[in-house]
Amino acid sequence: GSQSPKGKLNESDIKVDARPTTSDTMSDKTYCIELNDVLDASKRINGIAYRTPVLTSTYINKQCVVPRSLFFKVEAMQRTGSFKFRGALNAILSHLESTIDDQEPDDDVNLDANADADTDINADTDINADTEIAPPTLDVITHSSGNHAAAVSLAAKLAKPYVRGKISGVTATIVMPRNAPDIKKEAVHGFGGMIVEVDNTNEAREETAEYLSQEDGALFVHPSENPRVIAGQGTVCLEMVEQVTEMMGDKKLGTLDAVIIPVGGGGLASGNTIALRGLLGDKVKIILAEPKELDDAKRSKDAGELLGHDKDNKLDSVADGLKTTLGPNTWPIVRDLVDDIITVSESDILKATKLVWEKLKVVIEPSAGVGVAVVIGKEFAAKYPKSSGIKNVGVILCGGNVDILKTADLMKDL
């Protein structure tokens, strides 16, 4: 139904314009999504994506150079082990909705939410030879060697009950490099995805995905540039703001003074920046966390223009989930609405990852450890001293897909 469960935000509770007039930073600017898109995504994925927990640790609070209360949003506990499931699911369900909207009014479209998901709508149907029909299945295409691959595979599988009209099912085809870890390939197969293997270059991945996407009935879902993906990722902070408000016993929004978000391609960062600015305006500090070895976002922000990685950059970081660079949809949001980007060393990332493993009892991947390294680090403390009033800080633990033995081995020398 339309009723919000206890603790959920109703649209009437908040200002739903993603460019509120109260926020100077967001006025007169338009971006690929706005807060309404994130709110819509939240409704769409509700009950399929998990509402992940927010955890706290007095011990980790004490590791901060300046006294803070930290709130960890544990997307490592999301389906497929990362936040990526939110965006993939929103993109696929949004597309299925649009195919229903495109049906002619006299089409016999079954909108019964309880319709048997296993019924093949096209089976045993007499169709005139000259009748133009939609393809029997929707094939979702993407290129990824990591979390997005698994996310799209499971989202396609779970979207089946939402198939209506002339589409009979959803499949996922993932373009992956041949040298992708077996554990990543097994995850895709386990969630029902099909893999097309290519050479280990971005060009090979993108060209193959583009070729496959030109087939009839294919939908290409970019890991970080697709606006529906970005909107889905923004639901992380919609939830976190609600959850922290409940935990603090405060009826007003705005208990978070700052939020730290890991950044790679920028889907998570930009979606949640739009959500936070829409909900809390300018009073919340939005800080992105990036490995020093993968510093394209930091360099772009400093230069005021979109830069890729340096051509000499070997992209050698334990935070392998953050190798992707910002793109034309994510960059303007990062450029205009993010307060700061702080980079951290490989040893600090590993130390922070180990700290979370030991104290929060959550197996995060090092890409999630990047945000923790920032919040307990010296640069954050220097830029936001006690006098800044930045006390309550949210940190997104973006994922937990990690080779535990290999990563633990890297921690031996810390």
**Prompt:** Can you tell me if CD on Glu206 sees more than 12 non-hydrogen neighbours from other groups inside 6.0 Å?
**Reply:** yes
**Asked** How about Lys386: does its NZ atom have over 12 heavy atoms from other parts shown lying under 6.0 Å from it?
**Response** no
**Prompt:** What are the two closest non-hydrogen atoms of Gly81 and Glu365, and how far apart are they?
**Reply:** O-OE1, 4.4 Å
**Asked** Atom NE2 of His309 and atom OG of Ser300: how far apart are they, to the nearest 0.5 Å?
**Response** 9.5 Å
**Complete:** Given the options Ile230, Ile261, Val229, Leu268 meets side-chain contact (heavy atoms from CB on, under 4.5 Å) only with Ile261
**Heavy-atom donor-acceptor pair, Thr273 side chain to Ala269 backbone, under 3.5 Å** = yes
**Request:** Give the ring-plane orientation class for Phe220 versus His222, where under 30° counts as parallel, over 60° as perpendicular and anything between as tilted.
**Result:** perpendicular
**Prompt:** When you measure from the side chain of Asn401 to the backbone N and O of Thr80, does any donor-acceptor pair fall under 3.5 Å?
**Reply:** yes
**Asked** When you check the gap from the basic side-chain N to the acidic O, do Arg178 and Asp199 get nearer than 4.0 Å?
**Response** yes
**Request:** Sort out for me which residue in Lys283, Lys301, Arg277 forms a salt bridge (charged side-chain N to carboxylate O under 4.0 Å, His left out) with Asp339.
**Result:** Arg277
**Step-by-step side chain to side chain donor-acceptor pair (under 3.5 Å) determination, Thr255 to Asn392** = CA-CA 7 Å; Thr255 49; Asn392 300 323; 5.8 Å; no
**Asked** Taking only residues two or more places apart in sequence or in another chain, which ones pass salt bridge (Lys or Arg N to Asp or Glu O under 4.0 Å) with Arg79?
**Response** none
**Prompt:** So which heavy atom on Gly169 is nearest to which on Val163, and how close?
**Reply:** N-CG1, 3.9 Å
**Request:** Using atom types as modelled and distance alone, determine if a side-chain donor or acceptor of Thr137 lies under 3.5 Å from a backbone N or O of Asp139.
**Result:** no
**Prompt:** Does atom CD1 of Ile404 have more than 12 heavy-atom neighbours, drawn from other residues, nucleotides or ligands, at distances under 6.0 Å?
**Reply:** no
**Prompt:** Hey, which of Met248, Glu246, Glu242 is the one that makes side-chain contact (heavy atoms from CB on, under 4.5 Å) with Val244?
**Reply:** Met248
**Prompt:** Would you say the side-chain atoms of Lys298 pair up with the backbone N or O of Ile341, donor to acceptor, closer than 3.5 Å?
**Reply:** yes
**Request:** Determine whether more than 12 heavy atoms belonging to other residues, nucleotides or ligands lie under 6.0 Å from atom CD1 of Ile183.
**Result:** no
**Request:** Flag the pair Arg86 and Glu239 as a salt bridge only when some basic side-chain nitrogen lies within less than 4.0 angstrom of an acidic carboxylate oxygen.
**Result:** yes
**Message:** Less than 4.0 angstrom from a charged side-chain N to a carboxylate O is my criterion; do Asp320 and Lys323 meet it?
**Reply:** no
**Asked** Which heavy-atom pair separates Thr330 from Ser224 by the least distance, and what is that distance?
**Response** CG2-O, 3.3 Å
**Request:** Would you kindly say whether Tyr384 and Asp257 are connected by a side-chain donor-acceptor distance under 3.5 Å?
**Result:** no
**Prompt:** NZ of Lys185: more than 12 outside heavy atoms within 6.0 angstrom?
**Reply:** yes
**Prompt:** Is it the case that more than 12 heavy atoms not belonging to Glu379 sit under 6.0 Å from its CD atom?
**Reply:** yes
